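Inspection log for the structure reproduced underneath, given as structure tokens.
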Amino acid sequence: MPRAEPGAGPTRAPRAVCGPAPFSSQAPVRAKRSANVRVRETDSLAAVPAAAWNALPGVAANPFVRHEFLSALLETGCACARTGWRPRFLIAERDGALAGALPLFEKTHSYGEYVFDWAWAQAYAHAGRAYYPKLVCAVPFTPVAGPRLLATDTEARAALLAAALERARERSSLHVLFPRAAEARDLADRHGFLLRRSVQYHWRNEGYRDFDDFLSRLTHRRRKTIRQERRRVAEAGVRFRWLAGGEADAQDWLFVERCYRATYAAHRSLPYLNLAFFRRLGERLPAETRILLALRAGRPVAMALLFAAGGTLYGRHWGTVEPIPLLHFETCYYRPIAYAIEQGLERFEGGAQGEHKILRGLLPAETLSAHWIAEARFARAIATHLESERRALAHYVDELAEHSPFRTQAPCGES
């Protein structure tokens with residue numbers, strides 16, 4: 001879970017986040033429309049039955065593509081034309097029943113995506129061309145891998161992709177951000193998308209009995225440091241309380257939003273989300289939403305907002321109203337890891353950014369994005385750039401492996 005997750009401008013691109021880039025002069029489009037499947041566009045999910053949406057393959061295990069999460073973003077104005085995230089969701093139907101969906105947005109900027117393409121936009125501008133608007137298939141403000149082309153079968157999937165590419169030809173590009181690995185590689189291998197790699201930091205449960213068992217797998221130096229860090233937070237009089245979303249009251253959500261805004265203010269960034277959105281999460285996703293409150297003298301001083309589903313705990317946001325040394329590590333890493341062990345969860349994803357997570361037991365894990373560029377000359381240039389960054393990323397990951405805190409190097413994961 002990063003200290004902040006604001007959208008990054010041109011000066012904040014990560015060191016190297018790219019991967020191999022298959023490309024032909026015009027990306028081949030093998031996805032075809034089907035006579036049996038009708039695809040329509042909508043800017044709202046109000047008329048789409050939540051139960052039918054959530055029954056689409058892969059949705060139930062990923063809270064961020066659930067109907068409740070996406071509709072909350074739309075209905076509270078977090079993702080809308082005013083914020084530069086104009087919803088153009090594609091809905092596939094067969095005989096009047098939902099057969100698939102694609103969360104698609106028309107973007108007029110690149111904020112809130114966590115896959116940084118500012119340099120691509122600058123190249124377009126230098127050539128006198130418009131990069132924006134572009135199309136983005138993603139969950140806004142959420143760098144978490146999950147299903148993107150939500151479909152009951154290959155026919156519906158092909159119809160959705162064909163409809164998305166048809167719209168992309170009228171703009172500069174189509175970007176599928178943080179899809180599952182198999183989905184990303186299918187887009188690259190069969191449909192000519194450029195494949196881009198990035199690195200996050202994830203913790204994996206190797207059958208630990210408790211937090212001390214996890215610590216026992218680390219080097220002596222790291223065990224000692226983590227214990228010292230946790231002891232200092234405890235000695236500062238900080239205690240912790242977990243809340244499920246349905247247990248949080250109005251004051252709890254006010255505090256969550258206050259901390260969230262404080263984090264963005266500390267990084268001189270504008271927050272994307274609002275109080276109405278957070279409250280909606282508690283109402284509509286009470287079982288998946290988690291709040292970890294840090295309290296001193298009975299008063300909340302910090303929080304972490306997390307989600308749990310499909311055997312994974314996702315750290316999403318954090319904030320504090322009182323500077324307490326090392327509180328960030330305890331709230332965002334140590335307590336969630338201990339919680340994941342207690343609950344028998346398989347993985348804890350700490351969010352984007354943050355090499356410091358490695359020393360806390362979160363190891364590099366690959367994430368992917370897939371990009372379709374309408375103009376051949378720009379696609380060729382981007383493909384060359386991606387190949388260069390792929391090599392840089394491989395070297396970077398090798399460097400990270402040298403800093404593993406484990407006594408025996410654990411394998412890097414793949415999302």
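On a predicted model such as this, the values are computed, not experimentally measured, just so you know.
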Decide, yes or no, whether a salt bridge links E106 with K134 under the criterion of side-chain N to carboxylate O below 4.0 Å. no
Can you name the nearest heavy-atom pair linking A365 to H202, along with the distance? CB-ND1, 3.4 Å
Aromatic ring proximity H371/F193, centre distance under 6.0 Å: no
CZ of R40: more than 12 outside heavy atoms within 6.0 angstrom? yes
Do side-chain atoms of H67 reach the backbone of V48 as a donor and acceptor pair under 3.5 angstrom? yes
Shortest non-hydrogen separation from F178 to V144 and the atoms involved: CB-O, 3.6 Å
Charged N to carboxylate O below 4.0 Å: is that the case for E257 and R279? no
Centres of the H328 and Y333 rings: under 6.0 Å? yes
With a 4.0 Å cut-off on N to O distance, would you call E170 and R167 a salt bridge? no
Which donor-acceptor pairs under 3.5 Å do side chains of residues 301-313 form with protein atoms, sequence neighbours excluded?
none

Give a yes or no on whether the backbone of G245 and the side-chain of D252 come within a donor-acceptor separation of less than 3.5 Å. no
Salt bridge or not between R185 and D189? Use side-chain N to carboxylate O under 4.0 Å. no
Using a cut-off of 6.0 Å, state whether more than 12 heavy atoms not belonging to D95 lie near its atom CG. no
Charged N to carboxylate O below 4.0 Å: is that the case for E68 and R280? no
Would one find more than 12 heavy atoms of other residues, nucleotides or ligands at under 6.0 Å from atom CZ of R284? yes
Can you tell whether the side chains of E183 and R148 come within less than 4.0 Å, N to carboxylate O? no
Inspect the contact between R204 and E346 and indicate whether a charged nitrogen and a carboxylate oxygen are less than 4.0 angstrom apart. no
For F211 and F214, take the angle between the two ring planes, folded into 0 to 90°, and tell me which bin it lands in: parallel under 30, tilted 30 to 60, perpendicular over 60. perpendicular
Check whether the ring centres of F64 and Y314 lie less than 6.0 Å apart, and answer yes or no. yes
Would R360 and E229 pass as an ion pair if we require N to O under 4.0 Å? yes
